[in-house]
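FYI, the numbering just counts along the sequence from 1. Order of listing sets the numbers, starting from 1, for every ligand and every atom in it.
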Amino acid sequence: MVKICCIGAGYVGGPTMAVIALKCPEIEVAVVDIAAPRINAWNSDHLPIYEPGLEDVVKECRGRNLFFSTDVEKHVAEANIVFVSVNTPTKTQGLGAGKAADLTYWESAARMIADVSKSDKIVVEKSTVPVKTAEAIERILTHNRKGINFTILSNPEFLAEGTAIKDLFNPDRVLIGGRETPEGQKAIHALRDVYAHWVPLDRILCTNLWSAELSKLAANAFLAQRISSVNAMSALCEATGADVSQVSHSIGTDSRIGPKFLNASVGFGGSCFQKDILNLVYICECNGLPEVANYWKQVIKVNDYQKSRFVNRVVSSMFNTVSGKKIAVLGFAFKKDTGDTRETPAIDVCKGLLGDKAKLSIYDPQVSEEQILKDLAMKKFDWDHPAHLQPTSPTTSNKQVSVVWDAYEAIKDAHGVCIMTEWDEFKNLDYKKVFDNMQKPAFIFDGRNVVDVKKLRDIGFIVYSIGKPLDAWLKDMPAVA
Ligand code: UDX
Ligand code: UDX
Ligand code: ADP
């Protein structure tokens, strides 16, 4: 019987292993983590992450062939295949700070595997790591255990949050990289057999180790680049009177470009894009490729520009000051259908508005008050480091920020509304009621292009929507980023 163990019960490890367990009933899957509260949550009715469809999958397999445990060593020792899906944050100190990946968690997982193993194992890199990490891991494994064979594979995960289960059920591709040796090829086949339970063979791509590792960084860099490209266009649209949705649609019909991932926004967020690009930039610099590094750096610069441009637009529209004004922030997660706030553009926008002394009333259907206050108190890159490095008592004054559980409450008496996440419910709010309950003039700043601009202008709002033609008010109050 094949036994799988996954180290790291996070956004990637949890859903991926749950789907493997569902699709491969004869394989025993154990998901282990050093964080006991996280494992307890996986074993409870309140899973630690919100992901559509996840609960049904977990309920069907948990206790059958899917187990969540803190007994890391036992499950690693018993497994034939060990996935490593631990966090790889951006380094905050030392060499490569602010760019390089911090592989502390990876290294400690590898050392532990070496320590407890008594039989041959396939060790699979699941978390995104810098190219050539596999080589370092191989060294740790082989230098610590004589007589046991470890074969390392790279099997990066491409699921997106909010659609994780859908993506896992029907992936565009599964990528498996391994050494071009007989052992490497044998390990690739063993892992391919797991995925072949539900993924057609022609969608399982097998490459060498380095190609697999780099493909993951490259895919995220290309996706982020598309968003920065369309966001750069959105600024030009506002300046010229073009409509970014029309431009996106037009260019997306070119089959060489394709229609997906061209939605202009207040900026991309999430745990991967920025982190992986910074990582790519660092690798390019280390390899003597400064031109390539600068090319990719620009993707992040445009993303930062888009967020500050949004804040400036809010402040300049409201007579150049938001001091003491109530601003409702609708949505805080980095995209809809997730409660994840890692690198969400809402953090930068809120901090920008707080810097101008606004009073914020924040509502997100899936994010807790505790999380929001923590995020607003946190420094850049701290989010993916252990809890003891994070602020325990938020420094943001509670008087300046309130978190509420209803969109209408957030909006009551507000001068302006900022839409930060494209939750479906924000499309269907009763905007007449919203207008009636706000201070006048009533402003809406739509960072996700979810509202019907014309309808809202007819109600009486002054509306700013990313990359859409400006109304006269906004034209008269230019925002300089
Ligand atoms: C991403 C990749 O899509 C996934 O393949 C990889 O495994 C992990 O990183 P994720 O970050 O979960 O997934 O979500 P994604 O849907 O890619 O969105 C990332 C950010 O880009 C979000 O903030 C989203 O709102 C933004 N975005 C996305 C846009 O602003 N416009 C778009 O057109 C698409
Ligand atoms: C381009 C656009 O494709 C076309 O829609 C527009 O109307 C005019 O500009 P063209 O310049 O004729 O057309 O040829 P294209 O096939 O786009 O190639 C442009 C250059 O890019 C060529 O030098 C080509 O060799 C190069 N290229 C193209 C690559 O290096 N790699 C590729 O994958 C594709
Ligand atoms: P991702 O989004 O990549 O899944 P997460 O931060 O959600 O990342 O999950 C990573 C998980 O890995 C965390 O729950 C963390 O506690 C766990 N982890 C980190 N290091 C170890 C380790 N050495 N052993 C077991 N679990 C670990």
Side-chain angles (χ1 to χ4, degrees), residues 5-17 31-39 41-42 48-49 51 69-73 75-76 83-89 103-113 126-129 156-164 167-168 171-173 175 216-217 219-224 226-231 234 244 248 251-252 254-257 259-276 303 306 331 333-338 340-346 383-387 420-422 447-449 466:
C5 174
C6 175
I7 306 175
Y11 285 89
V12 172
T16 312
M17 293 303 126
V31 189
V32 298
D33 203 296
I34 39 177
R38 214 164 205 188
I39 290 297
W42 279 109
I49 60 179
E51 192 59 62
S69 167
T70 49
D71 197 344
V72 181
E73 299 189 356
H75 289 285
V76 169
F83 286 85
V84 185
S85 190
V86 302
N87 26 344
T88 48
L103 293 174
T104 316
Y105 309 102
W106 237 106
E107 188 178 331
S108 91
R111 287 183 189 281
M112 183 272 301
I113 297 171
K126 198 66 178 156
S127 26
T128 312
V129 286
E157 184 47 60
F158 293 99
L159 67 79
E161 286 174 35
T163 53
D167 295 343
L168 286 163
D172 286 346
R173 79 315 212 169
L175 182 57
K216 173 65 196 213
L217 291 178
N220 278 343
F222 269 60
L223 289 168
R226 268 174 90 89
I227 302 169
S228 279
S229 297
V230 78
N231 282 346
S234 76
V244 75
S248 288
I251 64 175
D254 187 323
S255 62
R256 295 168 298 179
I257 297 173
K260 292 184 187 165
F261 241 72
L262 286 176
N263 295 321
S265 67
V266 61
F268 60 73
S271 68
C272 290
F273 285 175
Q274 169 155 308
K275 188 175 78 175
D276 290 354
N303 199 46
Q306 189 75 346
F334 81 98
K335 62 188 278 197
K336 75 169 181 176
D337 291 339
T338 177
D340 194 354
T341 61
R342 295 179 292 179
E343 297 286 352
T344 176
W383 53 270
D384 206 11
H385 288 266
M420 291 289 102
T421 314
E422 71 282 20
R448 296 289 182 169
N449 288 353
I466 304 272

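Atom 5 (O) of ligand 2 lies below 4.0 Å from at least one non-hydrogen atom of the protein. Checking atom 10 (P) of ligand 2 against the protein gives no heavy-atom contact under 4.0 Å.
Considering both main-chain and side-chain atoms, A35 never comes within under 3.5 Å of ligand 3 through any nitrogen or oxygen pair. An N or O contact shorter than 3.5 Å links F158 to ligand 1 by distance. Here's the thing with K216: one of its N/O atoms is less than 3.5 angstrom from an N/O atom of ligand 1.
Contacts with ligand 3 closer than 4.0 Å are made by side-chain heavy atoms of I7 only, the backbone lying farther away. Of the heavy atoms in R342, only side-chain atoms (C-beta onward) come closer than 4.0 Å to ligand 3. Counting heavy atoms closer than 4.0 Å to ligand 3, residue S127 contributes nothing at all.
The pair E422-K336 does not count as a salt bridge, with every side-chain nitrogen at least 4.0 angstrom from each carboxylate oxygen.
Here the protein heavy atom with the shortest distance to atom 17 (C) of ligand 3 is D33 OD2, 3.2 Å. Distance from atom 19 (C) of ligand 3 to its nearest protein heavy atom, with residue and atom name: N87 OD1, 3.2 Å. Protein heavy atom in closest approach to atom 22 (C) of ligand 3: I34 CD1, 3.8 Å. Of all protein heavy atoms, the one lying nearest to atom 1 (C) of ligand 2 is R256 NH1, 5.0 Å.
Each of the following atoms of ligand 1 lies closer than 4.0 Å to a heavy atom of C272: 8 (C), 9 (O). Within ligand 3, the atoms closer than 4.0 Å to a non-hydrogen atom of G8 are 11 (C), 12 (O), 17 (C), numbered from 1 in the order shown.
Proximity annotation for atom 20 (C) of ligand 1: of G162, A333, G269, G269 comes nearest, heavy atoms only.
The shell of residues lying under 4.0 angstrom from ligand 1, judged by heavy atoms, excludes K336. Proximity of R226 to ligand 1 is not established, as no heavy-atom distance is less than 4.0 Å.
Proximity of a side-chain donor or acceptor of S248 to a complementary backbone N or O of L262 within less than 3.5 Å is detected.
Side-chain contact between C5 and V32 is present, with at least one heavy-atom pair separated by less than 4.5 Å.
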